[in-house]
Colleague: 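Take a look at the following structure, please.
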There are 4 protein chains.
Amino acid sequence: MKSEKSKNTQEKIFNAALKVFSEKGFSGATTSEISKEAGVAEGTIFRYYKTKKDILRGVMLEYVERFEEFANLESLKKIIRENKDKSIEEILKIILLDRYKVFEKNYNIMKVIHYEMQFHEDIKSMYIEKIREKEYQMSNYIFKQIKINKEEYKNIDYKLISRIFRGMMFGVFFQRRSEMEKDNIIPIEKEIDVMIDVFFNGIKKK
Amino acid sequence: MKSEKSKNTQEKIFNAALKVFSEKGFSGATTSEISKEAGVAEGTIFRYYKTKKDILRGVMLEYVERFEEFANLESLKKIIRENKDKSIEEILKIILLDRYKVFEKNYNIMKVIHYEMQFHEDIKSMYIEKIREKEYQMSNYIFKQIKINKEEYKNIDYKLISRIFRGMMFGVFFQRRSEMEKDNIIPIEKEIDVMIDVFFNGIKKK
Amino acid sequence: MKSEKSKNTQEKIFNAALKVFSEKGFSGATTSEISKEAGVAEGTIFRYYKTKKDILRGVMLEYVERFEEFANLESLKKIIRENKDKSIEEILKIILLDRYKVFEKNYNIMKVIHYEMQFHEDIKSMYIEKIREKEYQMSNYIFKQIKINKEEYKNIDYKLISRIFRGMMFGVFFQRRSEMEKDNIIPIEKEIDVMIDVFFNGIKKK
Amino acid sequence: MKSEKSKNTQEKIFNAALKVFSEKGFSGATTSEISKEAGVAEGTIFRYYKTKKDILRGVMLEYVERFEEFANLESLKKIIRENKDKSIEEILKIILLDRYKVFEKNYNIMKVIHYEMQFHEDIKSMYIEKIREKEYQMSNYIFKQIKINKEEYKNIDYKLISRIFRGMMFGVFFQRRSEMEKDNIIPIEKEIDVMIDVFFNGIKKK
DNA sequence: GATGAATGAGATTTCATTCAT
DNA sequence: GATGAATGAAATCTCATTCAT
């Protein structure tokens, strides 16, 4: 029976930890800094998380939860169904823009997990099972649809196409974030537009 | 006057540090583990590097050195000149395959620097100046060439095309490495082939 | 909001550090020994002092504080005022005896600071500003009074007389302390008596 | 059979050690810095001194040697004999000026020994036996002479007078050295003049 | 529940000393 | 004799975790 207040405290700790992890990395973060950032005593952290590592597990669980909310096959199918009148390109542009916004909003949590999973087997296997596999399912689903449409599109292994698309998408997204210090960056809408246009033009028969 | 012996010791420490950094991250690595891995006393490390952070700087310097060796505008131009009879697609396939091999060989050092630059301003600014800018120059150079060839290619801002291409390339490369536990992974040659074909088909006029 | 308990811990550490510093010198002292002497864990020291050097700074601050308490121009003037009926010699005997008692009580802290200021510029400049200058002001004040009394005293530069007096006083004080292993040492009262008598007889006109 | 070269090396090490000890203290000095200052390899030090502590013992021995050269009862008596026509004040002024010059020349070595003897019993007992006792003997000798001259001088315990005189002398000498940063310091000749005049006037009968 | 002082294991770093060349 | 690379014990310092209040 979590009280309002204690829920609030846990949240403060979680947010503080996420901030500090994303700025210093898990190992570089100290519970002392997290407690200061959260505005609680250092000991309080350990009433909510048994160990520092446990906070990281909490971050992972939150990541999975958020991911499942915004990225799942059902909602993808729903979007496609609801936009039957639009071309697949148009639909994907909508999806990617949405994904980029989610990406931006959840950048810190993603960054932390992507970095730390290298060093923590439990985080890694959970990531593969709960995130990566879902990600692959979704992109595979899209390009399987296209493969069916044999007349218009080239006959390329849909899994390979799916791989390249995913690589391109995340490559472009991460590249944008790594250029945050630049001021004349191109708008994301324009970049997605061109990315999708080139890619789909590329996989079409002439 | 570095003796053979001492050069050897420094190398052992460097390699050990690189290995441990890539397995545990900079903060998660301990000088004790590095010394064991290198087969030297812990104190010996500090004859070669003033501080642990200094080892990371050494890794960065080595990265820059290696990068400048294999990735510079001159050698890129040379490859293009030497392959004048081949199509731009063919040339890029050669370049990308080469880059992937370099990427694989230098994966650890790249991974370490890409991750750690988030947490160390000095590493980050050096990375931007010495690596990223050069990378951008090179890909921009390639797509500027194509732009000139107006008849065949669509009229898209070459910098934007260059961005998307780089994103795709690194996205695909990193995706491969993050899937190392998979056994049925597609050969890199095939993946590059399709990637280039789709991308160049995509930017051509119909 | 320092609790009683933590104030007590800091004091234990301070006293232990002072003892060990005075027995081994700053560089020769180890935080391990200080912690044992203080009866706390070694790590506890660093909750109260950021670095070992910081403990020395703490010692310096304490020295200044104690010095300002017992040695300031106002209280000197007060003593003189209150003893108007006594001769200057009698007054100075009272002052010197008091100073010697303070000297004995604060011998360790004085010794540590006097020695260490040679090696630490920050300690030295603080010493000069906060201690030596005040010391000079006070002795100068006394001998300026005497100078005014032209009839009785020789016409010697009061600053020079003041210098020699200070030198004699501290020389005698330190000589006593450096002979602690001797058992037949003359009582301080007698030594001060003779010192003052000789000195004032010496500066008087015949 | 010390060769010229090796004698030279030992001397270089000795001088370097003395310099570094006087700047950093014995514990604060490192053999690495001494070797750099001496212009020899670190290992070379240990061919001439078994341990770092041994260098300090060497410094002590050198101090004793120098002291015995310039300060011994025989030469004191000789000076007095040779200046029979001069007053005791005049003779002491000559002696003190000479002692101050020796003091200045040997300041570093004195400073090091005076500081370190607190922390090293062997150094301390050697100091007491070889230096302090001789020092006391000499000043006692002088004031015993004066005591004999009962008519002119007050009847004060010659040992006490001797103590105060020594305290004054070293107090004044050290005070001068501790004011090295000042530029308008009074000449030593003048200070000695006044010091002796005041002191001897002070111990005379009216 | 919350606090924050205290802990102590372990991390980084220093440095006198050794020894192969 | 001289060198300086290597050592490892010990020093300084950090920090996750505990626990009395």
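Labels below follow one simple rule: chain letters A, B, ... track the order of the sequence lines, proteins then strands, and each chain is numbered from 1. The model shown is predicted, which means the values in this text are computed figures rather than measured ones.
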Colleague: For B/Gly39 and for C/Ser27, locate the closest nucleotide of DNA chain F by heavy-atom distance; then report the residue assigned to the nucleotide nearer the 5' terminus.
Modeller: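 That would be B/Gly39.
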Colleague: Nearest whole Å is fine: how far is E/dT14 C1' from B/Asp54 CG?
Modeller: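 Distance, rounded to whole Å: 16 Å.
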Colleague: Within a 6.0 Å radius of atom NZ on D/Lys111, are there more than 12 heavy atoms belonging to other residues, nucleotides or ligands?
Modeller: yes
Colleague: Listed by chain and number, what are the ring pair (Phe, Tyr, Trp, His ring centres under 6.0 Å) partners of B/Phe46, not counting sequence neighbours?
Modeller: none
Colleague: Establish, with yes or no, whether the OP1 or OP2 oxygen of F/dG1 is under 4.0 angstrom from a side-chain nitrogen or oxygen of D/Arg47.
Modeller: no
Colleague: Starting from C1' on F/dA2, measure out to CG on D/Asn8 and report it in whole angstrom.
Modeller: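 Going from CG in D/Asn8 over to C1' in F/dA2 covers 14 Å.
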Colleague: Partners of A/Glu65 by side-chain hydrogen bond (donor to acceptor under 3.5 Å, both in side chains), sequence neighbours excluded?
Modeller: none
Colleague: Could you give the CD1-to-P distance, from B/Ile45 to F/dA5, as a whole number of Å?
Modeller: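 Distance, rounded to whole Å: 16 Å.
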Colleague: Report the residues that fulfil side chain to side chain contact (heavy atoms under 4.5 Å, CB included) with A/Leu61, sequence neighbours left out, ordered by chain and then residue number.
Modeller: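 If we apply the side chain to side chain contact (heavy atoms under 4.5 Å, CB included) test to A/Leu61, skipping adjacent residues, the hits are A/Met126.
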Colleague: Between C1' on F/dT7 and NZ on B/Lys12, what's the gap in Å once rounded to a whole number?
Modeller: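 Going from NZ in B/Lys12 over to C1' in F/dT7 covers 13 Å.
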Colleague: Mind checking side chain to side chain contact (heavy atoms under 4.5 Å, CB included) for D/Ser27 and listing every partner two or more places apart, or none if nothing turns up?
Modeller: C/Ser27
Colleague: Over all strands shown, is D/Thr44 touching base, sugar-phosphate only, or nothing at heavy-atom distances under 4.0 angstrom?
Modeller: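 Base, at least one base heavy atom under 4.0 Å.
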Colleague: For B/Lys36 and E/dT12, give me the distance from atom NZ to atom P, rounded to whole Å.
Modeller: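 Rounded to whole Å, this separation is 11 Å.
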Colleague: State which residues pass ring pair (Phe, Tyr, Trp, His ring centres under 6.0 Å) with C/Tyr63; sequence neighbours excluded, sorted by chain then number.
Modeller: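 With neighbours one apart ignored, the set is empty.
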Colleague: Using a cut-off of under 3.5 Å, enumerate the N/O to N/O pairs linking the protein to nucleotides 17-19 of chain F.
Modeller:
{"from": "F/dT17", "atom 1": "OP2", "to": "A/Lys52", "atom 2": "N", "distance (Å)": "2.7"}

Colleague: Taking CD1 from D/Ile13 and C1' from F/dG4, how many angstroms apart are they, rounded to a whole number?
Modeller: 14 Å
Colleague: For DNA chain E, list all stems, counting runs of three or more consecutive pairs where every pair is Watson-Crick or G-U wobble with both distances under 3.5 Å.
Modeller: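 So far as stems of 3 or more pairs are concerned, DNA chain E shows E:2-21 with F:2-21.
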Colleague: If I compare all heavy atoms of A/Glu23 with all of B/Phe119, which pair ends up nearest, and what's the gap?
Modeller: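 Heavy atoms only, the tightest pair is O-CD2, 3.1 Å.
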Colleague: Starting at OH of A/Tyr49 and ending at C1' of F/dC15, how long is that distance when rounded to a whole Å?
Modeller: 19 Å
Colleague: Between B/Tyr48 and F/dA6, is there a side-chain N or O to OP1/OP2 distance below 4.0 Å?
Modeller: yes
Colleague: Kindly write out the residues that satisfy side-chain hydrogen bond (donor to acceptor under 3.5 Å, both in side chains) with C/Tyr115, not counting sequence neighbours, or none if the list is empty.
Modeller: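 side-chain hydrogen bond (donor to acceptor under 3.5 Å, both in side chains) check on C/Tyr115 returns nothing, list empty.
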Colleague: Got a sec, which residues hit side chain to side chain contact (heavy atoms under 4.5 Å, CB included) with A/Lys53, two or more places apart in sequence or on another chain?
Modeller: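 Side chain to side chain contact (heavy atoms under 4.5 Å, CB included) list for A/Lys53, sorted by chain: A/Phe26, A/Thr51, A/Leu56, A/Arg57, A/His120, A/Asp122.
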